[in-house]
A.B. asks: 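Pasting a structure below so you can have a look.
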Amino acid sequence: MATELKNLSSYDPTKVANGKGRKIGIVYAEWNDEITYALRDGAVKTLLANGVEESDITLASVPGSFELIFGASQMVKSKSYDAVIAIGCVIRGDTPHFDYICEGVTAGLSRLNVEYDTPVIFGLITTNNLQQAQERSGGRLGNKGDECAITALQMMALRQHLQQ
Ligand code: RBF
């Protein structure tokens, strides 16, 4: 889906569920850290702007995006969080590694969403080059970290609504 067509960085704050009292785990990859730190910081800023307490946000780093699966899995299994956000950036290189990492992370995080009760938000950006990643981490096309935060807030509210 083209990011040009959907950009939650310009969300309508009146339509976003308030996050007061919610506990969030954010796991982020150190690979391409210029990008992942910007995504992480965007997510934190947006959570704070929507009522989440700083003390209710736990940050944990992992070496690369492939390790997001384990990091998110540990967070989910701890049952300490109302939502988990996984943040990484995979930039296409000259080898098929890109495809394996993207497929692995997508499958791993998807599985957590099906098997456990905690929403896991997919904050893996997958781009052809660094410029595309920069455009999506606070550049021309917004910050996908903001979007992950909004999505987490919406999914926590949905879970509460459906479990009542
Ligand atoms: N991790 C990322 O988060 N983004 C990347 O673009 C990325 N590219 C990689 C390319 C190669 C050839 C290799 C071997 C690893 C790469 N990784 C990348 C690291 C990967 O997610 C993981 O940390 C390592 O494979 C160790 O499990």
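What you are looking at is a predicted structure, and each value in this text was computed from that prediction instead of being measured. When a ligand or atom number is given, it counts from 1 through the structure's own listing order.
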A.B. asks: Output all residues satisfying side chain to side chain donor-acceptor pair (under 3.5 Å) with K77, sequence neighbours left out; order by chain, then residue number.
C.D. replies: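 For K77 the side chain to side chain donor-acceptor pair (under 3.5 Å) partners, ignoring immediate neighbours, are S73.
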
A.B. asks: Same cluster or not: V105 versus L39, using hydrophobic residues (I, L, V, M, F, W, Y) connected whenever any side-chain heavy atoms lie under 4.5 Å apart?
C.D. replies: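 Different clusters: V105 never reaches L39 through Ile, Leu, Val, Met, Phe, Trp or Tyr contacts under 4.5 Å.
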
A.B. asks: Taking side chain to side chain donor-acceptor pair (under 3.5 Å) as the cut-off, I'd like each qualifying pair that reaches into residues 101-115, sequence neighbours left out, listed once.
C.D. replies: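 Every side chain to side chain donor-acceptor pair (under 3.5 Å) pair that includes a residue of residues 101-115, provided the two are not neighbours, is R111-E115.
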
A.B. asks: With a cut-off of 6.0 Å (strictly less than), are more than 12 heavy atoms of other residues, nucleotides or ligands near CZ of F66?
C.D. replies: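 No, CZ of F66 has 12 or fewer neighbouring heavy atoms, counting only those of other groups under 6.0 Å.
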
A.B. asks: If you look only at pairs with a residue in residues 59-71, which of them pass as a side chain to side chain donor-acceptor pair (under 3.5 Å), with sequence neighbours excluded?
C.D. replies: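 Counting only pairs at least two positions apart or across chains, the side chain to side chain donor-acceptor pair (under 3.5 Å) contacts touching residues 59-71 are E30-S61.
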
A.B. asks: What are the polar N/O contacts of ligand 1 with the protein below 3.5 Å, with distances?
C.D. replies:
{"residue": "ligand 1", "atom": "3 (O)", "partner": "S65", "partner atom": "N", "Å": "2.9"}
{"residue": "ligand 1", "atom": "3 (O)", "partner": "S65", "partner atom": "OG", "Å": "2.6"}
{"residue": "ligand 1", "atom": "3 (O)", "partner": "C89", "partner atom": "O", "Å": "3.4"}
{"residue": "ligand 1", "atom": "4 (N)", "partner": "C89", "partner atom": "O", "Å": "2.8"}
{"residue": "ligand 1", "atom": "6 (O)", "partner": "N32", "partner atom": "ND2", "Å": "3.4"}
{"residue": "ligand 1", "atom": "6 (O)", "partner": "I91", "partner atom": "N", "Å": "3.2"}
{"residue": "ligand 1", "atom": "21 (O)", "partner": "S65", "partner atom": "N", "Å": "3.2"}
{"residue": "ligand 1", "atom": "21 (O)", "partner": "F66", "partner atom": "N", "Å": "3.0"}
{"residue": "ligand 1", "atom": "23 (O)", "partner": "E67", "partner atom": "OE1", "Å": "2.5"}
{"residue": "ligand 1", "atom": "27 (O)", "partner": "E67", "partner atom": "OE2", "Å": "2.5"}

A.B. asks: For the pair K23 and D82, find out whether any cationic side-chain nitrogen is under 4.0 Å from an anionic carboxylate oxygen.
C.D. replies: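 A salt bridge is absent here (no side-chain N lies under 4.0 Å from a carboxylate O).
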
